[in-house]
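One structure is given below, encoded as structure tokens.
The chains referred to below are lettered A, B, ... by the order of the sequence lines, with proteins before strands, and numbering in each begins at 1. Side-chain atoms are counted along with the backbone in the values below, which use heavy atoms only and exclude waters and symmetry mates.
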There are 4 protein chains.
Amino acid sequence: MSSRRRSAGRRAEVLDAAGEVVAARGADATRFSDVTAATGVGVSTLQYYFGTREDMLVAVFRHAAQRDFDLVRERLAPLTDPRERLLAIATHLTGAVGSDTTWRLWVESWRWASRDPGVRADVLADYRGWHELIAAEVEAAGGEDPMTTARLILALIDGLALPVVLGDPELTRAAAQRLLAGGLTRLLGPTAPAF
Amino acid sequence: MSSRRRSAGRRAEVLDAAGEVVAARGADATRFSDVTAATGVGVSTLQYYFGTREDMLVAVFRHAAQRDFDLVRERLAPLTDPRERLLAIATHLTGAVGSDTTWRLWVESWRWASRDPGVRADVLADYRGWHELIAAEVEAAGGEDPMTTARLILALIDGLALPVVLGDPELTRAAAQRLLAGGLTRLLGPTAPAF
Amino acid sequence: MSSRRRSAGRRAEVLDAAGEVVAARGADATRFSDVTAATGVGVSTLQYYFGTREDMLVAVFRHAAQRDFDLVRERLAPLTDPRERLLAIATHLTGAVGSDTTWRLWVESWRWASRDPGVRADVLADYRGWHELIAAEVEAAGGEDPMTTARLILALIDGLALPVVLGDPELTRAAAQRLLAGGLTRLLGPTAPAF
Amino acid sequence: MSSRRRSAGRRAEVLDAAGEVVAARGADATRFSDVTAATGVGVSTLQYYFGTREDMLVAVFRHAAQRDFDLVRERLAPLTDPRERLLAIATHLTGAVGSDTTWRLWVESWRWASRDPGVRADVLADYRGWHELIAAEVEAAGGEDPMTTARLILALIDGLALPVVLGDPELTRAAAQRLLAGGLTRLLGPTAPAF
DNA sequence: TATGAATGAGAGTTCATTCAT
DNA sequence: GATGAATGAACTCTCATTCAT
């Protein structure tokens, strides 16, 4: 019992650390030994926990996606104004420490998804989850055609994240945040109040 | 001379084919032998052409980026109306066969750029090139703050490309094109004429 | 007591099943997990019963040799005519279902015996046991030089078993049995009555 | 050219040495590294020559079978009397240095054949080759029913080889040779002249 | 008595690369 | 200019085994 619980906790810790490794090195370049170096957990133990290397990567993707979603929900909890909530979702990009990790992992997931049907299903489901989350806020904010707008907003967020994470010197995080706020205003349409 | 020219032609052909391989398998998973299988050119010959495997990948990225840019310019040539030109750039995404290859290679480049300073410089320069191309059209179309708008437009394009290439069943190419057109209108601001 | 007896019974069952596995896969290729799959008994339990993997294999060999001997004795019990008894021993090869298992295990034992002194001693003792069993019948049948003849007969049986078990299409079981009967007649000498 | 020829020669040498290793350790237990230790040829070179480990083992079997057959033919060449020739074939068992290797490899082949259809076909073809070789001599020696007799003789040879190779203390090589000579006389029938 | 968790050792295989031609 | 032969490095994976319960 207690060993099983300890084991489960250990597994989750390993998943977190492995996520950092995958974000830093890329999924293809992540070896068992890299995760071992980052965690102190032996290679065979990783295999015991996760199975093959690819199984481990998939587990990392799922875990990271779940954490990301949970994190945003947490941030959203204290906010009630839909416009504030939208902005909170959007600036999830620029805010937290580790958000680079989040975006890198998202790209890694996307890449993996394009070759693995199981991961594709996961990623598309996550994608849909984000759409719905955003669409609900758009609707509450009085925006027209919530799903369409939500798609545009999410595309904008994703598309801005890429150069930010890449470290485009012309696009600091602050600049990105301003761009994002401005873009939201435009996308929500002329009738929506500006942020 | 003629053999050098023939050689250069062969190299370019190999780069095209290698680009397809990289798009299909991912850069990390692209082995010399995969390119050999796709081209009939022996492993040693690839090394003779490009050097190490990573050199080859970088050459593929540069070649693909150049081709992409050239292709858009070509498509833009017959168009004069800035709004039409903008839309042509934007729907570069949805149109041609092989655009999946383009977008996949873009993601591969982005990933490689995260870890290789040389590639990062290339990718950021390309990025800037696209911004300027778009900004010029925004300005010609009478949009305000062309660079800001250009960044938003490019982000929208990139952000929409991802689910399209991943094959999101809720986002057909036609739907993406409509979204894109709508998004452009909104981003260019209420004063800009609708597309 | 009862649990010990149950345990001993379980161990014997496991040995039977493990024998099948060894015959099918070969001793070297027999993993604990193969036996687990065949018996439902966990790996650790197998180790608890037998010790190391090699200990288990040796136990399988001894068990199988014993069973084989017991089985032949059983078949011999109702027969009194030495010639019939000899033929019964000889055709132990062609008769029963499961005789493939027997012969395969014999080859596996032989191979193991080549490298393990303990198993070699067991196998040579078994070998001697068969010789004596056969020699007694040869003597009773009036054959000359019983031990020599017994050796020849046993060699003939072993030598015929190999292609039969291998599934030589030119040597059906029926053909093997006829060959064996003919061979016995010749080996027992011209003065012995034909079978 | 010369490098290719050198390569072919090296390959054959390696096959000889690998045959010794397989005979000594058993096929299943033969690792690339064992052959490396025996030959000085690196593991990857072995793989370059043969492919997978199993491919190497199969190559060893074929090579050994061919060599064995060639060797007997060589020994047969100077002999004309069919009875002498038969005895030469039969005592192929006891004679040469390395005959243990031959028999051990034969058992290894047999075992491999029982799980690999390709090897089974090879082994059965070899088996048939030996039958035909023996049958021709039986016929020349005036024996009746040459194929049947050949089968019995071959079985006797195989069946005697096993305990000899195992080192049965009651069956020295000299004793085995006497047994074999006696067995041949009996199997060829009372009308055939004794050896 | 029986079993799951964890782990180290060892093997096969892939692959880029070097060298010689 | 182009290519095949040979080889070392690195990685995944399997498996027996030990430990704790």
Take atom [atom1] of [X] and atom [atom2] of [N], then tell me their distance rounded to the nearest Å.
| X | N | atom1 | atom2 | value |
| --- | --- | --- | --- | --- |
| C/Arg25 | F/dT14 | CZ | P | 13 Å |
| D/Arg10 | F/dA6 | CZ | C1' | 11 Å |
| B/Tyr48 | E/dC19 | OH | C1' | 16 Å |
| B/Phe50 | F/dA2 | CZ | P | 12 Å |
| A/Arg11 | E/dA6 | CZ | C1' | 15 Å |
| B/Tyr49 | F/dA2 | OH | C1' | 8 Å |

Fill in the blank from the handout: Contacts of A/Gly42 and D/Ser44 projected onto DNA chain E by closest heavy atom; the upstream (5') one is A/Gly42

Completion exercise
Note: for D/Gln47 and B/Gln47 on DNA chain E, the residue whose nearest nucleotide lies more 5' is D/Gln47

Exercise for the section: Counting heavy atoms from C-beta on, name the nucleotide in E/dT3, F/dC13, F/dT3 closest to the side chain of A/Val43. Expected result: F/dC13

Practice task
Find the runs of at least 3 consecutive base pairs, i with j, i+1 with j-1 and so on, that include DNA chain F, using Watson-Crick or G-U wobble geometry with both distances under 3.5 Å.
Solution key: E:2-21 with F:2-21

Main-chain N/O of [Y] paired to [X] side chain as donor or acceptor, under 3.5 Å:
| X | Y | value |
| --- | --- | --- |
| C/Asp55 | C/Thr52 | yes |
| B/Arg53 | B/Thr30 | yes |
| C/Arg120 | D/Leu166 | yes |

Problem - Neighbours of DNA chain F within residues 51-58 of chain C, by heavy-atom distance under 4.0 Å - result: C/Thr52, C/Arg53

Exercise for the section: Could you go through the side chain to side chain contact (heavy atoms under 4.5 Å, CB included) check for A/Trp106 and A/Asp68 one step at a time? Expected result: CA-CA 10 Å; A/Trp106 152 232; A/Asp68 196 26; over 6 Å; no

Practice task
For DNA chain E, find the residues of residues 28-41 of chain B with a heavy-atom distance under 4.0 Å and give them by number; none if there aren't any.
Solution key: B/Arg31, B/Phe32

Drop me the distance from [X]'s [atom1] to [Y]'s [atom2], to the nearest 0.5 angstrom.
| X | Y | atom1 | atom2 | answer |
| --- | --- | --- | --- | --- |
| B/Asp126 | B/Phe61 | CG | CZ | 12.0 Å |
| B/Thr36 | B/Arg31 | OG1 | CZ | 13.0 Å |
| D/Thr39 | D/Glu13 | OG1 | CD | 9.5 Å |

Results of salt bridge (Lys or Arg N to Asp or Glu O under 4.0 Å) for [X] - residues two or more places apart only:
| X | result |
| --- | --- |
| A/Glu54 | none |
| D/Arg111 | C/Asp28, C/Glu108, D/Asp28 |
| D/Asp34 | D/Arg25 |

Exercise for the section: Taking all non-hydrogen atoms of both residues into account, name the closest pair between B/Leu57 and B/Ala27 and its distance. Expected result: CD1-O, 3.8 Å

Practice task
Would you please confirm or rule out a distance under 4.0 Å between OP1 or OP2 of E/dT3 and any side-chain N or O of C/Thr45?
Solution key: yes

